[in-house]
Asker: 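Take this structure, written in structure tokens, and hold onto it; I'll ask about it next.
From a predicted model like this one, the values you see are computed outputs, not experimental measurements.
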Amino acid sequence: MADSAYVPGLFIRSSDAPRHSAIVRVTHWINALSFIGLLVSGIAILLVHPRLYWGETGSVDTPSLIDLPLPFVFKGQNGWGRYLHFLSAWFCVLNGLIYALSGFLTEHFRKDLLPAKADLTWRSLKRLDAEEPLSYGVHQRLAYAGVIFFLFPVMIWTGLAMSPAVTSVFPAIVSLLGGQQTARTIHFFVAAALVLFLLVHVAMVYLTGFTNHVRAMITGYSIARREKA
Amino acid sequence: MSKLSRRRLITAGLGTAAGASGLAVAARLADRHGLIPPDHGGIYGVGETVTYASQRLLMSFGSAARQFDRSQITRVPHPNYPVGPPNDETFERLRKENFADWRLTVDGLVARPTVFSLAELKGYPPGTHITQLACEEGWSYIAEWTGVPLAHVLNLAGVKPQARYVVYYSLQSGWWDSIDMPEAFHPQTFLTYGMNGGDLPVQHGAPVRLRVPRQLGYKNVKHLSRIMLTDSLKNIGKGLGSAAPEAGFSWYAGI
């Protein structure tokens, strides 16, 4: 951090500025940990009843929307899944709020994550650049923005829509979706989309220089830049 | 450099002290306002406490479990009855006589400990609501429930001001739970004896089941036998508030 040029009252974006700001780095790893907690506990919760329904209600005595090809396990000993799910959810949501607030205030979202209007043409979307630019390409921007502004908010919304206590205060959050079981089913598919994102994200990091990327997300700098400084 | 580090040290020390005492004050305030659940210990306790406190505060602005249309009632409500009825002669005898000899004891921190018969409960002004019962496992059903609001029975017994929890026991041994006073006095919390227009079936908890529609299914204990008011859950069972946390489930189930 001492490497970056700093004039009181004026922050200069120099080539020595970190690739990821401190707040992005800290919230990234807290988010990674809480996501693992949510994923593991989410799978445990799903494996108590791997059947999905549409509408308000559903049980083994009613028709399902999808019978997932998974076994019914954890019957009667699945309480830890819920405990861990909500503990991780609080970390994820509060950490996400700090990240989102700083993303708007520092203009990180506008500068680094939202694609430029000019880039949203079919031609530029079709083009896959192999080189690694200093800023994110349009596909990366779309993927990250989609996760941050669509998938995570939908996860929180559908999660709250399954709570009888929360919906007793805000009934609209579940009636807008069409029912508690619909919320559960959407929660499952959006979770699957987030897992798909995670797999692609880790694969891309691996393919384009794992050590360098992970170092940049921990220290703020990749090796190449550090040598220059 | 040394000046700076000393100043930093003092600032950090003061900050830590302020943070710690702030937390202590917050914890005491939260406890006084009934925002700390009995299962607040252990690694999951933090999440549990934040969930319970935030939902309690949210619900204090007014809340009612969603109600449904008669046409939305589930035709086959899943009874989830893996253990069957209480496996003893007493329950069999009660059932054969249509629960004429069944009694509900209300005691603990009440002015007038009272014993109610099923006929007496049915004699009070009944309430009905069509609400959803959602199991923590993920399945759910909608039914019409008929009963007497728990608040009515609690008022008859006269709850003492120091009471903070309502503990309720099943005829099924080892099955008990508890709720806080806002939940106990909520107008939708029923001592339910009727379901979908008929008597409450044995599989659904005859003769009386506590219906807590703003929480998950497992708080809705079947085959009630006793209600006890207390100011502390510490000396009941393992002190976690109900049989559920003893089996690894959270005490508060507003989710």
Side-chain angles (χ1 to χ4, degrees), chain A residues 34 37 41 45-53 55-64 68 72 74-94 159-175 179-181 183-185 187-188, chain B residues 39 42-52 54-56 58-68 72-80 82 131-143 183 186 188 212-218 244-250 252-255:
Chain A
S34 63
S41 55
I45 293 167
L46 180 71
L47 288 183
V48 187
H49 196 90
R51 260 181 132 225
L52 300 174
Y53 311 91
E56 280 294 353
T57 58
S59 74
V60 284
D61 295 332
T62 66
S64 68
L68 296 170
F72 282 72
F74 295 125
K75 273 241 169 219
Q77 36 127 349
N78 57 315
W80 65 270
R82 258 151 243 275
Y83 270 129
L84 179 58
H85 208 64
F86 295 113
L87 179 66
S88 310
W90 276 113
F91 274 99
C92 185
V93 167
L94 295 178
L160 291 173
M162 284 187 270
S163 154
V166 174
T167 59
S168 77
V169 184
F170 305 113
I173 63 168
V174 60
S175 49
Q180 192 236 24
Q181 292 295 338
R184 180 172 178 259
T185 298
H187 201 73
F188 169 79
Chain B
D39 54 346
I43 41 169
Y44 299 129
V46 179
E48 242 352 77
T49 305
V50 179
T51 302
Y52 176 59
S54 56
Q55 293 195 3
R56 262 284 157 268
L58 202 62
M59 285 189 283
S60 66
F61 295 100
S63 102
R66 289 187 311 140
Q67 303 215 33
F68 299 89
Q72 289 174 285
I73 290 174
T74 308
R75 233 168 277 156
V76 188
H78 183 58
N80 194 35
T131 48
Q132 194 169 58
L133 187 141
C135 179
E136 57 87 28
E137 294 181 342
W139 52 270
S140 58
Y141 64 81
I142 292 170
E183 202 71 67
H186 190 268
Q188 288 175 317
V212 189
R214 297 187 303 171
Q215 296 200 36
L216 290 179
Y218 66 80
E246 294 176 10
F249 295 89
S250 58
Y252 176 67
I255 278 292

Asker: So which of B:Met59, B:Gln132, B:Gln188 has the largest heavy-atom pair count under 4.5 angstrom toward chain A?
Answerer: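 The option with the most such pairs is B:Gln132.
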Asker: Chain B: which of A:Asp61, A:Leu87, A:Val48 shares the most heavy-atom pairs with it under 4.5 Å?
Answerer: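 Among A:Asp61, A:Leu87, A:Val48, the one with the most close pairs to chain B is A:Asp61.
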Asker: Out of curiosity, B:Ser140 OG to A:Tyr53 OH, how far, rounded to the nearest 0.5 Å?
Answerer: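 Reported to 0.5 Å precision, the distance equals 8.5 Å.
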Asker: Among B:Phe68, B:Phe249, B:Tyr141, which residue forms the greatest number of heavy-atom pairs with chain A at distances under 4.5 Å?
Answerer: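 Max contact count across the listed options: B:Phe249.
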Asker: For B:Ile43, is it the side chain, the backbone, both, or neither that has a heavy atom closer than 4.5 Å to a heavy atom of chain A?
Answerer: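 B:Ile43 touches chain A through backbone heavy atoms alone.
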Asker: Using non-hydrogen atoms only, which part of B:Ser54 is less than 4.5 Å away from chain A: side chain, backbone, both, or neither?
Answerer: side chain
Asker: Check whether any side-chain heavy atom of A:Phe86 sits under 4.5 Å from a side-chain heavy atom of B:Ile255, and report yes or no.
Answerer: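 Counting from C-beta outward, A:Phe86 and B:Ile255 do come under 4.5 Å.
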Asker: What part of A:Glu56 lies closer than 4.5 angstrom to a heavy atom of chain B: side chain, backbone, both or neither?
Answerer: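 Both backbone and side chain of A:Glu56 come within 4.5 Å of chain B.
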Asker: Look at A:Pro164, A:Gly55, A:Ser59, A:Gly79 and state which one has the largest set of heavy-atom pairs under 4.5 Å with chain B.
Answerer: A:Pro164
Asker: Mind checking what makes salt bridge (charged side-chain N to carboxylate O under 4.0 Å, His left out) contact with B:Arg56, not counting sequence neighbours?
Answerer: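 B:Arg56 satisfies salt bridge (charged side-chain N to carboxylate O under 4.0 Å, His left out) with B:Asp180, B:Glu183 only.
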Asker: Counting N and O atoms only, with roles assigned by atom type, does the side chain of A:Thr62 sit under 3.5 Å from a partner on the main chain of A:Gly58, one being a donor and the other an acceptor?
Answerer: no
Asker: Side-chain contact test, heavy atoms from C-beta onward, threshold under 4.5 Å: evaluate it for A:Phe188 versus A:Pro50 and give yes or no.
Answerer: no
Asker: Once rounded to the nearest 0.5 Å, what's the spacing between atom CZ of A:Phe170 and atom OG of B:Ser63?
Answerer: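 OG of B:Ser63 is found 10.5 Å from CZ of A:Phe170.
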Asker: A:Arg82, A:His85, A:His49, A:Arg51: which one forms the most heavy-atom pairs within less than 4.5 Å of chain B?
Answerer: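 If we count pairs closer than 4.5 Å to chain B, A:Arg82 comes out on top.
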Asker: Examine whether an atom of A:Phe91 lies under 4.5 Å from a heavy atom of chain B, and if so say whether it belongs to the side chain, the backbone or both; otherwise answer neither.
Answerer: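 Neither part, no heavy atoms under 4.5 Å.
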Asker: Can you name the salt bridge (charged side-chain N to carboxylate O under 4.0 Å, His left out) partners of B:Glu246, sequence neighbours left out?
Answerer: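 B:Glu246 satisfies salt bridge (charged side-chain N to carboxylate O under 4.0 Å, His left out) with no residue once adjacent residues are dropped.
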Asker: Quick check on the interface: out of B:Arg75, B:Glu136, B:Gln215, B:Gln72, who has the most heavy-atom pairs with chain A under 4.5 Å?
Answerer: B:Glu136
Asker: Applying side-chain hydrogen bond (donor to acceptor under 3.5 Å, both in side chains), run through B:Ser250 and B:Tyr218 and close with a yes or a no.
Answerer: CA-CA 10 Å; B:Ser250 58; B:Tyr218 66 80; 3.3 Å; yes
Asker: Give, as side chain, backbone, both or neither, the part of B:Thr74 having an atom under 4.5 angstrom from any heavy atom of chain A.
Answerer: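 Interface part for B:Thr74: side chain.
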Asker: Hey, which of B:Gly138, B:Gly47, B:Pro245 has the most heavy atom pairs under 4.5 Å with chain A?
Answerer: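 Counting heavy-atom pairs under 4.5 Å, the top option is B:Gly138.
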